> 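Mind having a look at this structure? Questions to follow.
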Amino acid sequence: HFLPRMAEKNLQARQRLNNFEYNSANPGKLRGWHGGMQRNAAAETQKSNRDRINIMWDARDMEKNNVLIAGILERMVQYIVGKLEYRSNTGDREIDKIYQDYFHSWCKRCDLTGRFSFREMVEIALRSALRDGDYGIAFVDTGTDVLLQGIEADRIGSPIDHKMLDNYIGGIWIDENGRPSKYSIFKRNSRTLQYTKDRDLEPEHFMHLFRPTRNDQYRGVSFLAPALAHARDLQEIFGFEKQASKFGAMWSAFVKNKQPYESTAGEGWGVEIPGSNRKDGKPSGVMTAEPGKIARLDDNTEIEFAPGVQRPSNAFMNLVRAT
């Protein structure tokens, strides 16, 4: 038997339940799949570690070859770091001056390699952390002084070793509480690009610079990650557009035969055009344009100037702005 009132109550109950659902959790076919637990549960996996390294290579390549990415990094470092100055505040001016003079003299020799000042090391650290995702600074006790050694992201752990253990994540060893216990530092051979173990550093001798976005995250991902694919697309689009513009600008004019089907037309195609650019003297069909040059054309020939290059178009500029 069919009971209309009962059916109506059931429909109302289902509607009330639906009001408590998240529509974005059931998008249907309107958007792509987020990957679920397998892709998003853990902050650090072997796959995410490989992706982090690939993004780092891509970011370094874009910095070298893409003026937009290079300019962004340059300006961020310039505006954030600026000028650094240490001010002691012990309450005693004479002691403050001693501390400040010592620190400023140390800033000139703080680099273990003897190349950079303290401000320059800060600039490199910030730029590297933005580009690569993280950066390390080792504190090295030389016996007479404590100096700084910059450690790039691919030398914290080895980029060719993707193993992930319960207590080892991307070159960082952690204890049972998740606290970093030591950092594995590698050497990179600039000629063979081989990575060999250098040493392990305890946290008190190492500063790890990165921006965590998850509580369970130990390695940083490039700040540029969301923009890298678009930046590479723009770079390729600019290249294609420049190529098309160059091709269009190559042609000055076209010489046409008014009556190509005449009986003598076949002979005309094989006749050397005055000013031909062929070095072997054979007909080329191409005339070199030179300043002040006069070319004589017969009555059966006409010249048509190439249209101006209309690139880039407004549609191209709108695409660039949207991207």
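Keep in mind that what you see is a predicted model, and the values were worked out from it rather than measured.
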> Work out which heavy atom in Ile174 is nearest to a heavy atom in Asp166; give both atom names and the distance.
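Taking Ile174 first and Asp166 second, the nearest heavy atoms are CD1-O, 3.6 Å.
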> When you look at CG of Asn189, are more than 12 heavy atoms from neighbouring residues, nucleotides or ligands closer to it than 6.0 Å?
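Yes, enclosed.
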> Measure up the Trp106 and Phe118 rings against each other and bin them: parallel (under 30°), tilted (30 to 60°), perpendicular (over 60°).
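Correct class here is tilted.
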> Between Arg232 and Gln235, is the side-chain hydrogen bond (donor to acceptor under 3.5 Å, both in side chains) condition met? List the steps.
CA-CA 5 Å; Arg232 189 168 292 277; Gln235 184 181 16; 4.5 Å; no
> Under a 4.5 Å cut-off applied to non-hydrogen side-chain atoms, are Phe254 and Ile303 in contact?
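They are not in side-chain contact.
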> Check whether more than 12 heavy atoms from other residues, nucleotides or ligands sit under 6.0 Å from atom CZ of Arg109, and answer yes or no.
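Yes, the 6.0 Å shell around CZ holds more than 12 heavy atoms from other groups.
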> Do any N or O atoms from the side chain of Arg188 and from the backbone of Tyr195 form a donor-acceptor pair under 3.5 angstrom?
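Answer holds: no.
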> Main chain of Gly133, side chain of Arg219: is a donor-acceptor contact present, judged purely on distance under 3.5 Å?
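Not at all, since once roles are kept as given, no pair shorter than 3.5 Å links the two residues.
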> Write down the atom of Cys110, the atom of Phe116, and the distance for their closest heavy-atom approach.
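So the minimum-distance heavy-atom pair works out to SG-O, 4.3 Å.
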> Taking only Lys NZ, Arg NE, NH1 and NH2, and the carboxylate oxygens of Asp or Glu, determine whether Glu241 and Arg311 approach each other closer than 4.0 Å.
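So Glu241 pairs with Arg311 through a salt bridge.
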> Please find the pair of heavy atoms, one from Arg131 and one from Leu224, that lie closest to each other, and give the distance.
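Looking at all heavy atoms of both residues, the shortest contact is CA-CD1, 4.5 Å.
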> Between Ser128 (side chain only) and Ala125 (backbone N and O only), is there a donor and an acceptor less than 3.5 Å apart?
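Side chain of Ser128 to backbone of Ala125: no pair is present.
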> Taking ring-ring contact (aromatic ring centres under 6.0 Å, His included) as the criterion, tell me which of Tyr183, Trp173, Tyr218 meets it with Tyr168.
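Considering Tyr183, Trp173, Tyr218, a ring-ring contact (aromatic ring centres under 6.0 Å, His included) with Tyr168 is found only for Trp173.
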> Given the rule in the side-chain hydrogen bond (donor to acceptor under 3.5 Å, both in side chains) test, do Asp92 and Thr90 qualify, once you have shown the distances and angles that lead to the verdict?
CA-CA 5 Å; Asp92 188 318; Thr90 65; 5.7 Å; no
> With a 4.0 Å cut-off on N to O distance, would you call Arg119 and Glu123 a salt bridge?
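A salt bridge links Arg119 with Glu123.
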> Name the atoms and distances for all side-chain donor-acceptor pairs under 3.5 Å in residues 200-208, with sequence neighbours left out.
from   : atom 1 : to     : atom 2 : distance (Å)
Asp200 : OD1    : Ser184 : OG     : 2.9
Asp200 : OD1    : Lys197 : NZ     : 3.2
His208 : NE2    : Asp134 : OD2    : 3.1

> Yes or no on side-chain contact (heavy atoms from CB on, under 4.5 Å) for Met76 and Arg127, after CA distance, side-chain angles and deciding distance?
CA-CA 8 Å; Met76 290 188 71; Arg127 190 183 191 112; over 6 Å; no
> Around atom CE of Met250, are there more than 12 heavy atoms from other residues, nucleotides or ligands closer than 6.0 Å?
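More than 12 within 6.0 Å, yes.
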> Under 3.5 Å, side chain of Asn49 to main-chain N/O of Thr45, donor-acceptor pair present?
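Side chain of Asn49 to backbone of Thr45: no pair is present.
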> Considering only heavy atoms from C-beta outward, does the side chain of Glu44 approach that of Ile172 to under 4.5 Å?
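When only atoms from C-beta onward are counted, Ile172 and Glu44 do not touch, as no gap falls below 4.5 Å.
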> When you look at CD of Gln78, are more than 12 heavy atoms from neighbouring residues, nucleotides or ligands closer to it than 6.0 Å?
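Counting other residues, nucleotides and ligands, CD of Gln78 exceeds 12 neighbours.
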> Which pair of heavy atoms, one from Ala129 and one from Tyr135, lies closest together, and at what distance?
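Looking at all heavy atoms of both residues, the shortest contact is N-CB, 4.2 Å.
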> Starting from the C-alpha separation in whole Å, work towards a yes-or-no answer on ring-ring contact (aromatic ring centres under 6.0 Å, His included) for Tyr86 and Phe103.
CA-CA 7 Å; Tyr86 170 70; Phe103 181 79; 4.9 Å; yes
> Just wondering, are more than 12 heavy atoms of other shown residues or ligands nearer than 6.0 Å to CG in Asp141?
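Yes, because the 6.0 Å sphere around CG of Asp141 holds more than 12 heavy atoms from other groups.
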> Please find the pair of heavy atoms, one from Ile156 and one from Gly136, that lie closest to each other, and give the distance.
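Heavy-atom minimum between the residues: CD1-N, 4.0 Å.
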> When you measure from the side chain of Asn177 to the backbone of Arg179, do you find a donor-acceptor pair of N or O atoms at a distance under 3.5 Å?
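Checking the backbone N and O of Arg179 against the side chain of Asn177, no donor-acceptor pair under 3.5 Å is found.
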> List the atom of Asn66, the atom of Ile69, and the distance in Å for their closest heavy-atom pair.
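Heavy-atom minimum between the residues: OD1-N, 3.0 Å.
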> Is there a donor-acceptor pair closer than 3.5 Å between any side-chain N or O of Asp145 and the backbone N or O of Leu147?
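No, Asp145 side chain to Leu147 backbone: no donor-acceptor pair under 3.5 Å.
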> Is any side-chain heavy atom of Leu130 closer than 4.5 Å to a side-chain heavy atom of Leu73?
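Yes, side chains in contact.
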